[in-house]
Amino acid sequence: MQLQFFPSTTIMLYTARMFLVRSFAVLAGLVLILMTLDLLGESGKILAHPGNGEPELWTYVSLRVPQIVARFLPFSVLLGTLITLLTLNQNSEVISMKASGLSAHQILAPLIVAGLFVAGLSFAFNERVVARATATLKAWSKVEYGPMPKGNNILSNLWVRNGEDLIRAGRAIGRGAGTRLIDVTLYDRVGNELAATIEAKEGRYVGGAWRLTEARRFDVSTGMETRLGTIIAARGVTPDRFTLANVDPEGLSFMQLRQAIEDLKAAGRPTRPLEAALWHKLSGPLSSVLMPLLGAVAGFGLARSGKLFVRAVAGMALGFAYFVADNFALAMGNLGAYPPLLAAWAPFLLFLLIGETVLVRTEE
């Protein structure tokens with residue numbers, strides 16, 4: 001048996017190229033099929049808004065495809081692993097490698113290195129593309145695919161309670177004291193009954209209250225509308241109640257989510273579910289490294305034994321069991337039942353040990 005962990009350069013390049021080509025080919029097929037089905041279900045809502053047409057459909061596709069890629073990349077890596085190892089096994093290439101003195105770990109080493117490359121690519125793609133596309137698509141869907149919201153750090157359709165009163169902001173732009181509210185509506189309630197509404201074009205936080213411009217008041221009892229101009233309202237309602245009311249971890253990059261968690265801690269709000277999502281932004285892409293180990297059971301054993309299909313099913317079962325455990329742990333983290341680190345990393349470490357145990361006991 002060779003002492004070095006990696007096989008020869010030729011074998012490394014050969015197996016890694018097979019793995020990457022098959023993984024991305026599976027991903028392309030999944031994206032094409034799933035995007036077609038998703039567009040069929042959503043195109044009616046997009047075209048229902050007056051003025052929308054083919055350009056808006058392509059805009060939706062450009063925003064939805066990154067989400068599908070991020071969601072199904074680990075599945076593609078699993079299927080790419082199974083296809084690669086089954087092909088090598090059927091062609092007796094695994095037997096030839098083992099006959100030359102390579103261990104099962106050495107045969108899998110190129111796939112694990114390629115998995116590290118995919119994990120790094122996935123993390124960068126999630127940070128630079130997926131987070132922005134998710135935030136934009138959610139903001140667009142909240143306005144029912146009307147005019148696309150513009151600007152950075154935009155939150156849409158926000159509600160805040162101030163005593164008996166309710167405040168709705170169509171959009172919130174910026175953060176901290178520089179937060180700007182667009183399309184503000186204040187619902188003045190007395191004894192849980194609506195007394196009046198105040199609508200304003202814009203709101204800015206000044207001196208512990210909100211300065212509303214171009215405000216109009218509608219009195220429910222009299223049915224009269226009064227133009228108020230610029231007024232001061234909602235004293236004591238801080239900007240973080242708008243900007244931190246609905247922190248969406250999927251629509252934020254790692255650093256943005258980390259900053260939001262720090263802001264929430266400073267405001268005295270619970271952050272454990274968001275901390276689990278923060279750590280999962282690291283553990284999630286690393287699942288690409290785990291898939292070659294979980295699917296390795298399909299690459300060994302004699303192809304003529306008749307158990308190759310059983311091995312493939314076992315490898316697929318291990319891979320899908322990891323995804324189930326990962327989603328379950330993340331859900332428990334969101335509920336606060338699991339600590340954030342445990343929710344994000346426990347499934348990865350558990351199935352790393354399971355995959356290593358299966359490989360050692362069966363092949364080494």
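Quick caveat, the model's predicted, so the values are computed rather than measured.
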Would you call [X] and [Y] a side-chain contact if the rule is heavy atoms closer than 4.5 Å?
X: Leu121; Y: Leu73; value: no
X: Arg71; Y: Leu34; value: no
X: Leu186; Y: Trp210; value: no
X: Leu30; Y: Ser76; value: yes
X: Glu202; Y: Glu214; value: no
X: Leu194; Y: Phe218; value: no
X: Phe19; Y: Leu111; value: yes
X: Val61; Y: Leu39; value: yes

So how far is it from [X] [atom1] to [Y] [atom2], rounded to the nearest 0.5 Å?
X: Leu78; Y: Met291; atom1: CG; atom2: CE; value: 6.0 Å
X: Leu27; Y: Phe72; atom1: CG; atom2: CZ; value: 10.0 Å
X: Arg211; Y: Thr230; atom1: CZ; atom2: OG1; value: 7.0 Å

Item to complete: Evaluate whether atom CZ of Arg258 has more than 12 neighbouring non-hydrogen atoms of other residues, nucleotides or ligands under 6.0 angstrom away.
Response: no
Practice prompt. Take atom CZ of Arg168 as the centre, draw a 6.0 Å sphere, and report whether it contains more than 12 heavy atoms from other residues, nucleotides or ligands.
Written response: yes
With hydrophobic residues grouped by side-chain heavy-atom distances under 4.5 Å, do [X] and [Y] end up in a single group?
X: Ile354; Y: Phe328; answer: no
X: Ile11; Y: Val21; answer: no
X: Leu20; Y: Leu13; answer: no
X: Leu282; Y: Leu341; answer: yes
X: Leu350; Y: Leu294; answer: yes

Practice prompt. Start with the C-alpha distance between Val94 and Ile107, add both sets of side-chain angles, then the distance that settles side-chain contact (heavy atoms from CB on, under 4.5 Å), and finish with yes or no.
Written response: CA-CA 8 Å; Val94 172; Ile107 296 172; 4.3 Å; yes
Discussion item. Check the orientation of Trp140 and Tyr60. Use parallel for under 30°, tilted for 30 to 60°, and perpendicular for over 60°.
Written reply: tilted
Worksheet entry | Centroid-centroid distance, Phe320 to Phe75, less than 6.0 Å | yes
Worksheet item: Between Phe348 and Trp279, is the ring centre distance below 6.0 Å?
Response: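 When the ring centroids of Phe348 and Trp279 are compared, they turn out to be at least 6.0 Å apart.
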Worksheet item: Should Leu137 and Arg64 be marked as a side-chain contact (heavy atoms from CB on, under 4.5 Å) after you check the CA-CA gap, both sets of side-chain angles, and the distance that decides it?
Response: CA-CA 8 Å; Leu137 183 57; Arg64 189 72 175 99; 3.9 Å; yes
Determine yes or no for a side-chain-to-main-chain donor-acceptor pair under 3.5 angstrom, with [X] supplying the side chain and [Y] the backbone.
X: Arg272; Y: Leu274; answer: no
X: Arg311; Y: Val297; answer: yes
X: Arg22; Y: Thr84; answer: no
X: Asn89; Y: Leu85; answer: no
X: Ser62; Y: Thr59; answer: yes

Worksheet, complete the sentence: side-chain contact (heavy atoms from CB on, under 4.5 Å) test vs Leu278 passes for just one of Ile261, Thr271, Leu252, namely Ile261
Worksheet item: Are Leu57 and Ile46 close enough, and set up right, to give a side-chain contact (heavy atoms from CB on, under 4.5 Å), and what steps lead you there?
Response: CA-CA 7 Å; Leu57 293 178; Ile46 299 173; 4.1 Å; yes
Exercise: identify the closest heavy-atom pair between [X] and [Y]:
X: Ser288; Y: Val77; result: O-CG1, 3.7 Å
X: Ala209; Y: Ile232; result: CB-CG2, 3.5 Å
X: Asn162; Y: Ala234; result: ND2-CA, 4.0 Å

Practice prompt. Output yes when Glu250 and Lys138 qualify as a salt bridge under the 4.0 Å nitrogen-oxygen rule, no when they do not.
Written response: yes
Practice prompt. Might you work through the side-chain contact (heavy atoms from CB on, under 4.5 Å) test for Leu212 and Leu228, ending with a clear yes or no?
Written response: CA-CA 9 Å; Leu212 305 180; Leu228 304 177; over 6 Å; no
Worksheet item: Which residue, Lys45, Glu42, His49, forms the side-chain hydrogen bond (donor to acceptor under 3.5 Å, both in side chains) with Tyr145?
Response: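 With Tyr145 as partner, side-chain hydrogen bond (donor to acceptor under 3.5 Å, both in side chains) holds for just one option, Glu42.
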